Undergrad: 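Shown below is the structure under consideration.
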2 protein chains.
Amino acid sequence: MPSVTRKSQTTRAARRAELRARLLEVVERLLAQGESFTEMSVERLVSEAGLSRSTFYVYFEDKGDLLSAWLGDIISQVAESTQQWYALSTDATRDDVRRALAHVVESYAPHTTLMAAVIDASAYDPSVREGVAEMMNRNVAGLRHHIREGQKAGFVDPKLLPQETAEWLAWMAERGIHQLIRTAKGKQLERLVDAYADIVWNTLYAPVLDAGRAAKGSDGRTRSSKRAA
Amino acid sequence: MPSVTRKSQTTRAARRAELRARLLEVVERLLAQGESFTEMSVERLVSEAGLSRSTFYVYFEDKGDLLSAWLGDIISQVAESTQQWYALSTDATRDDVRRALAHVVESYAPHTTLMAAVIDASAYDPSVREGVAEMMNRNVAGLRHHIREGQKAGFVDPKLLPQETAEWLAWMAERGIHQLIRTAKGKQLERLVDAYADIVWNTLYAPVLDAGRAAKGSDGRTRSSKRAA
DNA sequence: TAAGGTCTGGACAATATGTCCGAACAACAT
DNA sequence: ATGTTGTTCGGACATATTGTCCAGACCTTA
């Protein structure tokens with residue numbers, strides 16, 4: 001009975017990964033053409049990717065399986081991009097925040113199309129929904145920790161409720177990045193990151209940091225000081 | 001040819017409205033039981049609502065038709081709830097903001113379950129998607145106008161980009177209200193509104209209003225001055 | 001009683017899903 | 001060379017859902 005050898009399992013996993021990559025490439029392309037993930041049939045996917053429907057079901061439970069596996073891989077990857085932000089401390093300036101958030105946005109940017117599919121699928125696929133919930137929990141937990149520590153160290157507004165503030169800001173980031181950033185290019189992208197940085201700066205740091213520096217006349221700002229008409 | 005009389009049209013519209021109400025009631029109930037709108041079959045809906053599938057298709061194009069019609073009704077209704085907020089001016093306090101936003105949240109609260117269905121359906125139904133886009137555009141336009149006027153009048157941070165800031169905050173509100181508020185009760189709800197109010201206050205008003213009042217020692221805050229451990 | 005309308009169950013074609021199978025094929029060991 | 005194993009394929013299958021259509025039942029009003 002050689003059916004359950006280690007070798008066969010690893011090659012199978014490798015094959016699965018390869019097919020997943022090929023299929024997600026197709027998903028991304030069709031998504032970019034305006035089709036929605038929910039409406040994509042398995043037949044459409046496999047024919048574009050060059051395999052048979054039978055083979056698809058050998059490696060994947062269903063369409064959602066494709067996405068939840070990808071999501072699992074990507075979650076930790078994008079989580080790293082927040083380190084630069086959360087490393088900020090008492091000497092942070094508004095420009096530091098701007099740079100850190102630009103880095104977060106850049107990390108998410110390549111994945112916005114597939115993330116849109118994930119959100120689609122989370123509407124009906126339990127395993128995808130679970131993945132999304134886990135991602136949000138991680139984001140909230142990271143931000144909550146940053147707020148708590150910042151309050152202890154005195155560089156985050158002490159009146160903020162860490163958990164709830166983190167929840168609102170995490171949803172703003174999720175939706176903003178996947179809905180606003182996805183369609184933005186060049187100058188418009190810069191403006192969006194500026195606005196994002198201003199919101200985070202004003203909310204978390206400005207009440208204590210700007211107040212303390214008010215006397216010196218410096219606000220740590222080198223760009224986007226444009227005023228509205 | 002008596003088929004196109006005014007009377008028959010009005011009674012038909014009335015009948016449509018009645019059936020829509022009955023069906024949405026069912027949708028809401030099933031949604032509350034954990035089913036997702038996408039997965040609800042028309043058969044399931046009509047049998048619960050006590051009509052035949054044939055009749056359903058006489059009055060509605062499809063499931064999405066149900067929601068986009070409802071959305072059209074609700075958009076203007078909830079838009080009104082923001083008037084109290086946008087009426088705030090130079091003498092606004094943090095507690096005024098808190099009250100105004102609590103009012104907005106209360107207006108949305110009864111509709112969170114159906115709004116979740118709308119978001120679901122917008123993934124594949126073009127007409128629902130259009131409705132959602134229109135709702136977001138309205139919200140952004142209202143908030144952008146408030147920011148612009150506030151900057152002119154000097155009670156909103158002049159460095160904010162009105163359009164982009166409004167976009168981020170509108171998505172935060174949409175997601176926050178439909179994801180966070182939906183499951184919150186009592187004290188947790190209060191905390192969420194507190195956090196929401198703090199974010200909006202800090203972002204828009206605090207940089208100019210708190211700065212101007214710093215000398216007097218009053219910050220317009222009567223509750224939730226609790227500090228994190 | 002007749003006409004207009006409304007609702008219903010059922011039939012229908014079209015599409016999608018997930019499962020299953022036999023045939024074809026290649027790699028590899030005996 | 002031959003058989004074993006694993007992979008892929010096309011196709012068949014049962015099932016579910018969608019949207020359309022129709023004939024009959026029913027009710028109200030002229």
Side-chain angles (χ1 to χ4, degrees), chain A residues 1-23 26-27 30 35-69 117 120-121 123-128, chain B residues 1-23 26-27 30 35-69 117 120-121 123-128:
Chain A
M1 53 194 68
S3 63
V4 194
T5 74
R6 184 142 58 122
K7 174 155 183 281
S8 79
Q9 278 189 12
T10 60
T11 61
R12 185 186 156 84
R15 183 77 179 125
R16 183 178 140 100
E18 187 209 318
L19 289 181
R20 197 181 81 194
R22 251 161 71 191
L23 286 162
V26 171
V27 170
L30 297 184
E35 299 187 39
S36 90
F37 184 75
T38 308
E39 287 173 304
M40 272 176 219
S41 73
V42 173
E43 174 59 40
R44 182 123 172 70
L45 281 188
V46 297
S47 70
E48 294 272 342
L51 64 145
S52 76
R53 211 164 63 89
S54 325
T55 306
F56 176 89
Y57 283 109
V58 168
Y59 291 98
F60 307 100
E61 290 238 338
D62 49 34
K63 266 192 315 178
D65 194 0
L66 220 50
L67 289 182
S68 48
D120 267 30
Y124 56 89
D125 188 300
S127 126
V128 175
Chain B
M1 57 194 69
S3 62
V4 194
T5 74
R6 185 141 57 124
K7 173 154 182 281
S8 78
Q9 277 188 13
T10 60
T11 60
R12 186 187 156 81
R15 184 76 179 124
R16 182 178 141 99
E18 187 209 319
L19 290 181
R20 197 182 81 195
R22 250 162 69 193
L23 286 162
V26 172
V27 170
L30 297 185
E35 299 188 39
S36 90
F37 184 74
T38 308
E39 286 173 305
M40 272 176 220
S41 72
V42 173
E43 174 59 40
R44 182 123 171 71
L45 281 187
V46 296
S47 71
E48 294 273 342
L51 62 147
S52 75
R53 213 164 60 88
S54 324
T55 307
F56 176 90
Y57 283 108
V58 168
Y59 290 98
F60 307 100
E61 289 238 339
D62 49 34
K63 266 191 319 178
D65 194 0
L66 219 51
L67 289 182
S68 48
D120 265 30
Y124 56 89
D125 189 300
S127 127
V128 175

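Please read all numbers here as calculations on a predicted model, not as lab measurements. Protein chains get the first letters and strands the later ones, always in sequence-line order, with residue 1 at the start of each.
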Undergrad: If you only use heavy atoms from C-beta on, which nucleotide in dC9(D), dT17(C), dT7(D) is closest to the side chain of Val42(A)?
TA: dT17(C)

Undergrad: Quick one: closest heavy-atom pair of Ala49(A) and Arg22(A), and the distance?
TA: O-NH2, 3.1 Å

Undergrad: Tell me: CG of Asp62(A) to P of dG18(C), nearest whole Å?
TA: 5 Å

Undergrad: Expressed as a whole number of angstroms, how long is the span from Tyr57(B):OH to dC21(D):P?
TA: 13 Å

Undergrad: Roughly how far apart are Leu66(A) CG and Leu45(A) CG, rounded to 0.5 Å?
TA: 7.0 Å

Undergrad: May I ask you to decide whether Arg44(B) forms a salt bridge with Glu35(B), counting only side-chain N to carboxylate O separations under 4.0 Å?
TA: yes

Undergrad: Among dT7(D), dT17(C), dT18(D), which is the nearest nucleotide to the side chain of Arg15(A)?
TA: dT7(D)

Undergrad: Record whether the side chain of Ser54(B) comes under 3.5 Å of the base of dG9(C) through a donor-acceptor pair of N or O atoms.
TA: yes

Undergrad: If you look at every strand shown and take non-hydrogen atoms under 4.0 Å, does Tyr59(A) touch a base, only sugar-phosphate, or nothing?
TA: sugar-phosphate

Undergrad: At less than 4.0 Å, is any side-chain N or O atom of Thr55(A) found next to OP1 or OP2 of dT8(D)? Yes or no.
TA: no

Undergrad: What is the distance, to the nearest angstrom, from the OH atom on Tyr124(B) to the C1' atom on dT17(D)?
TA: 12 Å

Undergrad: Ignoring hydrogens and angles, does a donor from either the side chain of Arg53(A) or the base of dG18(C) sit under 3.5 Å from an acceptor on the other?
TA: yes

Undergrad: How close do Lys63(B) and Thr38(B) get, heavy atom to heavy atom, and via which atoms?
TA: NZ-O, 3.2 Å

Undergrad: Write down the distance between CG (Leu66(A)) and P (dT17(C)), rounded to a whole number of angstrom.
TA: 13 Å

Undergrad: Over how many whole Å does the gap from Glu39(B) atom CD to dT18(D) atom C1' extend?
TA: 16 Å

Undergrad: Over how many whole Å does the gap from Arg16(A) atom CZ to dT7(D) atom P extend?
TA: 14 Å

Undergrad: How many whole angstroms separate atom CZ of Phe60(A) from atom P of dT8(D)?
TA: 11 Å

Undergrad: What is the minimum heavy-atom distance between Phe56(A) and Val46(A), and which atoms define it?
TA: CB-CG1, 3.6 Å

Undergrad: Take the protein atom CE of Met40(B) and the nucleotide atom P of dT18(D), then report the distance between them rounded to whole Å.
TA: 12 Å

